[in-house]
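Report on one structure; see the data block that follows.
Every chain is numbered from 1, with letters handed out A, B, ... down the list of sequences. Just the heavy atoms: all of them, side chains too, but no hydrogens, waters or symmetry mates, feed the values below.
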Amino acid sequence: MKVRTRIAPSPTGDPHVGTAYMALFNWVFARQHKGEFILRIEDTDQARSTRESEQAIFSALEWLGLDWDEGPDVDGPMGPYRQSERKELYLQHIQTLLDKGHAFHCFCSKKRLDDLRAEQQAAKQTTRYDGHCVNLSREEVQTRVAAGEAHVVRMRVPETGTCTFQDRLRGEITIPYSQVDMQVLLKADGMPTYHLAVVVDDHQMKISHILRGEEWLNSVPKHQLLYSYFGWPMPELIHLPLLRNTDQSKLSKRKNPTSVTYYRDQGYLPEALCNYLGLMGWSMPNEEELFSLQEMIDAFDVDRISTSGPIFDQDKLSWMNGQYLRALDVEDYAAKVSAWMLNKERLTALIPLVQERAERLSDLVPLADYLLGTRKPLTPVDFEHKALERAQVVKILHHTLAMFDLKRDWQRDDLYTSCNDLAEQCDLKLRDFLFPLFIAISGREVSLPFFDSLVFLGADLSRGRLRDALEVLSLSGKERKRLDKEVEQLRFFS
RNA sequence: GUCCCCUUCGUCUAGAGGCCUAGGACUCCGGGUUUUCAUCCCGGCAACAGGGGUUCGAAACCCCUAGGGGACGCCA
């Protein structure tokens, strides 16, 4: 059987380093077995999916050197490779399930489901659908659907018994059906959910091995059930560990830069990032730590992947990047620098900010140092201000960071509006409000325009500098908790 | 709370019952090379979560406990 693997990201934000991690292992596995690697866009969430995000995922994977054999932008025999373009196929399959009685219409309102969930939570039970609509008569369903009543389609799940399946790395896993929800397969908006689409697509696209994050382990019973309802064989499952923050929680932008774009803009080399990711949960048989993609393909052994969640360590990544940088000859290094920052696109974004303030071309570097490189290290003294107490400074930084965390877009005007709004709610003039933010972002009281700087730096880096500033001001856990509470009361966050 | 997964230095890891006095790498600390710094080289600190088994022998196999993580959405 031909090895076919896939990466199936949902285009709902910045290209995540966790996606890159999964892509790497799927890619290496496919290449090692002379198989195919497929890119499939999982955009069944119409509200959140964007073409920009999809494009960003393409370029992130390209940048990393992980090329795909089939995908939305590469014709293939099993396309289309965008789930939103496969709707008909899903609807047919849902109909099949309906016909065979493996799925049923559900008319329950959001309110009823919320109440049910709250009840179950209060009773300390696993929250799941209670089967309210399972046994509606065919006639009733027809009438209500015909009347245009909003509904979804859910899958049937056995009430008792257990589901047992194999994971290549963990062996046999058994999950009781009592824990498995009657998953919605078709949403009220007419789109399938991930769970239905992933099963249909993986089968139809002849995916032989699924390498994905451990977070999916609990969904396997739903998928296995669907495979058996359709009478299809299961692909082999290989659940990789999840990348972690320093505090061991799942890697998140809240606590870490997670965007591949961030690492690219910071001047990490794709070779180094791939190499580093390859070291997460896997190692060369001879323990060599520096290796190319080709060397990884040659030596890869899927069974040597370890299952405990590795912490994404910026220090070691930086060290490794340094190794790669030093190995370059001068011309290559120069070429990389040009491609990274001294390219037209980046300069075009930067020049307008500098132009008004410059008297010589050489002013570029001192004006933009904090945008091109790291800003100077801060101390609490840097945040002293005639009109602001430390408590206020901390509050501003904390609230702004919390606001940043909620941003899905990173646009100048929107950021301005939000900061203005926050300043007002904090009862501060924007000018004073911005002071600690200028310091945190640029290391200076006076710098290039603040909101333009944010946009140029990008969300990850901006957030990172705010986090760092809070650390410099030694925000205590207690203080943080209080501020977290406070922030929930603000109108922006409710 | 329920279910599932995981557990070797602070971090990434090696380890397939005797090669383990537990090896390597990052970080940190010392020392050397270097006009400074960095690089580079040498050295050092530092771990088998705890308790029970199985075995002549356990970091490795089994069980329990503890800890960590994940899932519990008309998100993926």
Applying salt bridge (Lys or Arg N to Asp or Glu O under 4.0 Å) to A:E36 and not counting sequence neighbours gives A:K2, A:R4

Of A:K87, A:Q83, A:R82, the one forming a side chain to side chain donor-acceptor pair (under 3.5 Å) with A:E85 is A:R82

Scan residues 185-192 of chain A against RNA chain B and write down, sorted by residue number, each residue with any heavy atom closer than 4.0 Å; if none is found, say none.
A:K187, A:A188

Listed in order of residue number, which residues of residues 463-473 of chain A have a non-hydrogen atom at under 4.0 Å from RNA chain B?
none

Pairs under 3.5 angstrom, nitrogen or oxygen only, protein versus nucleotides 34-42 of chain B, please.
from, atom 1, to, atom 2, distance (Å)
B:rC40, OP1, A:Q323, NE2, 3.1

Applied to residues 284-302 of chain A, the salt bridge (charged side-chain N to carboxylate O under 4.0 Å, His left out) test, sequence neighbours excluded, yields A:E289-A:K316

Step through it carefully: locate the ring centre of A:W232, locate the ring centre of A:H93, and say whether they are under 6.0 Å apart.
yes

Is the ring centre of A:Y90 less than 6.0 Å from the ring centre of A:Y194?
no

Let me check something: any side-chain donor-acceptor pairs from residues 464-473 of chain A under 3.5 Å, sequence neighbours excluded? List them with distances.
from, atom 1, to, atom 2, distance (Å)
A:R465, NH1, A:Y370, O, 2.8
A:R465, NH1, A:I441, O, 2.8
A:R465, NH2, A:Y370, O, 3.1
A:R465, NH2, A:G373, O, 3.0
A:R467, NH1, A:K253, O, 3.3
A:R467, NH1, A:R254, O, 2.8
A:D468, OD2, A:R375, NH1, 3.3
A:D468, OD2, A:R375, NH2, 2.9

What does A:S318 touch in the nucleic acid at a heavy-atom separation under 4.0 angstrom: a base, only the sugar-phosphate, or nothing?
nothing

Classify the nucleic acid contact of A:E42 as base, sugar-phosphate or nothing, counting any heavy atom under 4.0 Å across all strands shown.
sugar-phosphate

Distance-only donor-acceptor test, A:R128 side-chain atoms vs B:rC72 base atoms, 3.5 Å:
no

Give a yes/no verdict on a cation-pi contact between A:R154 and A:F104, requiring under 6.0 Å between NZ or CZ and the six-membered ring centre and an angle within 45° of the axis.
no

